[in-house]
Amino acid sequence: MMKSIASRFRSADLVLLLGRLLLALIFLHEGSSLAADLASTIDTFANLGISAPVALATIALQIGAGISVAAGFLGRLGATALALFCLATAFLFHTNFASQNEFLHFEKDLAIAGGMFVLAASGAGSISVDNLLKRRANSLHPWLRAML
């Protein structure tokens with residue numbers, strides 16, 4: 001008898017998948033929005049004193065690490081990168097605590113970083129590319145095996 005997909009996975013696996021997707025969503029949306037209007041993005045970053053290469057790297061990080069977290073491919077690495085990005089964003093751009101909006105963004109960035117650090121510690125879970133690769137660990141290159 002064939003089991004349903006839900007019965008093959010523990011509820012914790014499904015919750016971890018949902019959490020990964022929700023965490024990744026904000027970065028995939030923001031990165032794609034920045035990329036969609038690149039000229040405006042570069043101008044906005046320039047007004048903040050940030051160069052075009054850093055703007056492009058930010059877009060690449062948000063989209064690349066967002067996909068990493070969503071798919072659970074090198075998920076610990078993607079989650080760690082996004083956690084550090086959120087900490088940097090909070091402490092570099094959202095420290096005007098006299099503004100309630102800026103304080104809210106500061107707290108949001110810290111909360112997302114916390115979620116990403118939890119994900120980095122726990123791993124992507126069984127519903128992930130990482131898990132599929134772990135099953136074939138003997139055939140993987142040693143550096144990739146170490147990253148999983």
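The first residue in the sequence is number 1, and the count goes up from there.
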Checklist outcome for this item: Hits for ring pair (Phe, Tyr, Trp, His ring centres under 6.0 Å) against Phe93, two or more places apart or cross-chain, chain-then-number order -> none
Checklist outcome for this item: The ring pair (Phe, Tyr, Trp, His ring centres under 6.0 Å) partners of Phe45 (sequence neighbours excluded) come to none
Checklist outcome for this item: Across all chains, not counting sequence neighbours, the side-chain hydrogen bond (donor to acceptor under 3.5 Å, both in side chains) partners of Glu30 are none
Checklist entry - Does anything in residues 82-91 pair up under side chain to side chain donor-acceptor pair (under 3.5 Å), and if so which pairs, sequence neighbours excluded? => result none
Checklist entry - Which pairs with one or both residues in residues 118-128 pass side chain to side chain donor-acceptor pair (under 3.5 Å), sequence neighbours excluded? => result Asp13-Ser126
Checklist entry - Should side-chain heavy atoms under 4.5 Å link Ile, Leu, Val, Met, Phe, Trp and Tyr, which residues sit in the same cluster as Leu132? => result none
Next on the checklist: Checking Thr80 now: which residues fulfil side-chain contact (heavy atoms from CB on, under 4.5 Å) with it, not counting sequence neighbours?
Outcome noted: Leu84, Ala120
Checklist entry - Mind checking what makes side-chain contact (heavy atoms from CB on, under 4.5 Å) contact with Asn101, not counting sequence neighbours? => result Ser99, His105
Rounded distance (nearest 0.5 Å) linking atom [atom1] of [X] with atom [atom2] of [Y]:
{"X": "Phe85", "Y": "Leu92", "atom1": "CZ", "atom2": "CG", "answer": "10.0 Å"}
{"X": "Glu107", "Y": "Ile112", "atom1": "CD", "atom2": "CD1", "answer": "12.0 Å"}
{"X": "Asp109", "Y": "Leu82", "atom1": "CG", "atom2": "CG", "answer": "11.5 Å"}

Contacts table for residues 51-68: side-chain donor-acceptor under 3.5 angstrom, sequence neighbours left out:
from  : atom 1 : to    : atom 2 : distance (Å)
Thr58 : OG1    : Val54 : O      : 2.8
Gln62 : OE1    : Gly31 : N      : 3.1
Ser68 : OG     : Phe73 : O      : 2.7
Ser68 : OG     : Leu74 : O      : 3.0

Distance-only donor-acceptor hits, side chain of residues 15-28, under 3.5 Å, sequence neighbours excluded:
from  : atom 1 : to     : atom 2 : distance (Å)
Arg20 : NE     : Val69  : O      : 2.8
Arg20 : NH1    : Ala124 : O      : 2.7
Arg20 : NH1    : Ile127 : O      : 3.0
Arg20 : NH2    : Ala70  : O      : 2.9
Arg20 : NH2    : Ile127 : O      : 3.1

Next on the checklist: If hydrophobic clusters are built by linking Ile, Leu, Val, Met, Phe, Trp and Tyr wherever their side-chain heavy atoms come under 4.5 Å apart, do Leu87 and Leu48 end up in the same one?
Outcome noted: no
Checklist entry - For the side chain of Arg76 and the backbone of Leu119, is there at least one donor-acceptor N/O pair under 3.5 Å apart? => result no
Checklist entry - Has the side chain of Asp130 got a donor or acceptor atom that lies under 3.5 Å from a matching backbone atom of Gly75? => result yes
